[in-house]
Visitor: 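Quick one: the structure is below, and I'll ask about it shortly.
Only a predicted model underlies this, so the values are computations on that prediction, with no experimental measurement involved. In what follows, every heavy atom counts, from backbone to side chain, and hydrogens, waters and symmetry copies are set aside.
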Amino acid sequence: MDGEEHDRHRRSRPPRDGLARMAKSLGINTDVARVRRVGGGIASATHAVSFADGRSIVIKRYPSDAAAVQSEWDRLCFAYHAGVPVPEPLGVDAEGVWFGGPTLVMARIPGRTDFAPSNPARYATEVVVALKQIHEVDVATATSTVLGLHQFDTWEPPPAVPPGL
C-alpha cells in the first residue's frame, strides 16, 4: 500500500455494517450514536464510537497487517492486567471479519493529546509517574511478543511526506 492509499485508509470511516458486526461480536446490543475520527493513528484508521447506552470505545482499523494488530493487542492486554494506566482491551479481529482488515477495540478513556502543555512541570510529573508505573511492572510472565524488540531500530523519513501526515 503506497502512502496515498494508506492516507486514504487512515481517513476512511468505518462502514455501518462493520460496526454492527463488531458490536454483535463484542456483545453490544445498542445502536451506534456517533462515530468520530480520532487524530493520530499513524498506522491505523482510529475512531471513537459512542453507543446509545452511553458506552464509548475506540477502534483501530489496520489496512492489512494482522501480525502488528496481534502484537499491539498482546502488549495492551499485558499492560492492562499489570495495572498500567491504559485503556481496557475489549476485542481484536486479526482476520478482518468486521471491517475487511485487522481491527483492535479498546475502551475509550478521558483525556486528549497535548503537545504544548500549559503547565510543563505538571506534564513532566505525570510522565514521570506513568514511566515509573511502567518500569515497576514485573515482566516474569511476559511473552516474547511483549518483551521482543520493536519492529524498527531506526527510522528515516521518506523523501516526500504525503499531505496530511
Side-chain angles (χ1 to χ4, degrees), residues 1-115 130 133-134 137 141-152 155 157-158 160-165:
M1 177 177 285
D2 70 19
E4 195 172 302
E5 286 176 291
H6 181 74
D7 191 48
R8 239 188 333 274
H9 171 77
R10 258 186 355 99
R11 296 179 185 282
S12 68
R13 287 184 59 85
R16 285 254 174 220
D17 60 336
L19 290 168
R21 283 189 295 274
M22 177 201 66
K24 182 177 180 183
S25 178
L26 296 174
I28 300 172
N29 300 313
T30 185
D31 292 333
V32 171
R34 182 175 183 214
V35 177
R36 183 178 59 82
R37 185 171 181 269
V38 177
I42 294 170
S44 65
T46 307
H47 289 82
V49 180
S50 301
F51 293 92
D53 65 1
R55 191 177 338 201
S56 189
I57 63 173
V58 171
I59 62 172
K60 294 178 75 175
R61 295 178 299 120
Y62 291 79
S64 61
D65 194 353
V69 170
Q70 192 61 53
S71 177
E72 182 175 353
W73 175 255
D74 293 346
R75 290 180 172 123
L76 178 63
C77 288
F78 179 81
Y80 180 78
H81 293 294
V84 176
V86 297
E88 178 184 4
L90 300 175
V92 65
D93 172 22
E95 293 79 34
V97 173
W98 300 334
F99 299 103
T103 302
L104 183 144
V105 183
M106 64 189 96
R108 184 166 179 227
I109 56 175
R112 62 182 175 80
T113 304
D114 186 0
F115 292 114
Q133 288 177 301
I134 291 167
V137 170
T141 62
T143 64
S144 61
T145 301
V146 173
L147 296 175
L149 296 175
H150 292 282
Q151 186 175 3
F152 302 103
W155 179 77
V161 178
L165 290 181

Visitor: Which atom pair, heavy atoms only, marks the closest approach of Val146 to Asp74?
Guide: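 Residues Val146 and Asp74, closest heavy atoms: CG2-O, 4.0 Å.
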
Visitor: Closest approach of Ala52 and Thr30, non-hydrogen atoms and distance?
Guide: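 Result for this residue pair: CB-OG1, 3.3 Å.
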
Visitor: Distance only, no hydrogens: is a donor on one side chain within 3.5 Å (strictly under) of an acceptor on the other, for Ser12 and Arg8?
Guide: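 No - no donor-acceptor pair under 3.5 Å links their side chains.
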
Visitor: For the CG atom on Asn29, are there more than 12 heavy atoms of other groups (residues, nucleotides or ligands in this structure) within a distance under 6.0 Å?
Guide: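 No, not enclosed.
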
Visitor: What's the separation between atom NZ in Lys60 and atom NE2 in His47, rounded to the nearest 0.5 Å?
Guide: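 One gets 13.0 Å once the value is rounded to the nearest 0.5 Å.
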
Visitor: Can you name the one residue among Val32, Val105, Asp17 that meets side-chain contact (heavy atoms from CB on, under 4.5 Å) with Met22?
Guide: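 So, applying the side-chain contact (heavy atoms from CB on, under 4.5 Å) to Met22 and each of Val32, Val105, Asp17, only Val105 qualifies.
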
Visitor: What pair of heavy atoms forms the shortest contact from Leu147 to Ala142, and how long is it?
Guide: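 Residues Leu147 and Ala142, closest heavy atoms: CG-CB, 3.7 Å.
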
Visitor: Taking Arg55's backbone N and O only, do any of them form a donor-acceptor pair with Asp53's side chain (distance below 3.5 Å, no angle check)?
Guide: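 Yes: the side chain of Asp53 pairs with the backbone of Arg55.
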
Visitor: Using 0.5 Å steps for rounding, measure from the OH atom of Tyr80 to the CE atom of Met106.
Guide: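 If I round to the nearest 0.5 Å, the distance is 13.0 Å.
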
Visitor: From Ser56 OG over to Arg34 CZ, what is the distance, rounded to the nearest 0.5 angstrom?
Guide: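 Spacing of OG (Ser56) from CZ (Arg34) equals 9.0 Å.
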
Visitor: Return the CZ to CZ distance between Phe99 and Arg21, rounded to the nearest 0.5 Å.
Guide: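 Going from CZ on Phe99 over to CZ on Arg21, the span is 7.5 Å.
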
Visitor: Backbone N or O of Arg37 within a donor-acceptor pair of the Arg13 side chain at under 3.5 Å?
Guide: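 Checked: no pair found.
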
Visitor: Hey, what do you get for CD1 (Ile28) to CG (Leu19), rounding to the nearest 0.5 Å?
Guide: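 If I round to the nearest 0.5 Å, the distance is 10.0 Å.
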
Visitor: Could you pull out all donor-acceptor pairs under 3.5 Å where a side-chain atom in residues 82-94 meets a protein atom, sequence neighbours excluded?
Guide:
unit_1 : atom_1 : unit_2 : atom_2 : d
Asp93  : OD1    : Glu95  : N      : 3.4
Asp93  : OD1    : Gly96  : N      : 3.0
Asp93  : OD1    : Val97  : N      : 3.2
Asp93  : OD2    : Val97  : N      : 2.7
Asp93  : OD2    : Trp98  : N      : 2.7

Visitor: Between Thr103 (side chain only) and Gly101 (backbone N and O only), is there a donor and an acceptor less than 3.5 Å apart?
Guide: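 Pair found, side chain donor or acceptor close to backbone of Gly101.
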
Visitor: Please round to the nearest 0.5 Å and tell me the distance separating atom CG of Leu104 and atom CD1 of Ile59.
Guide: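 Result: 10.5 Å between the selected atoms.
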
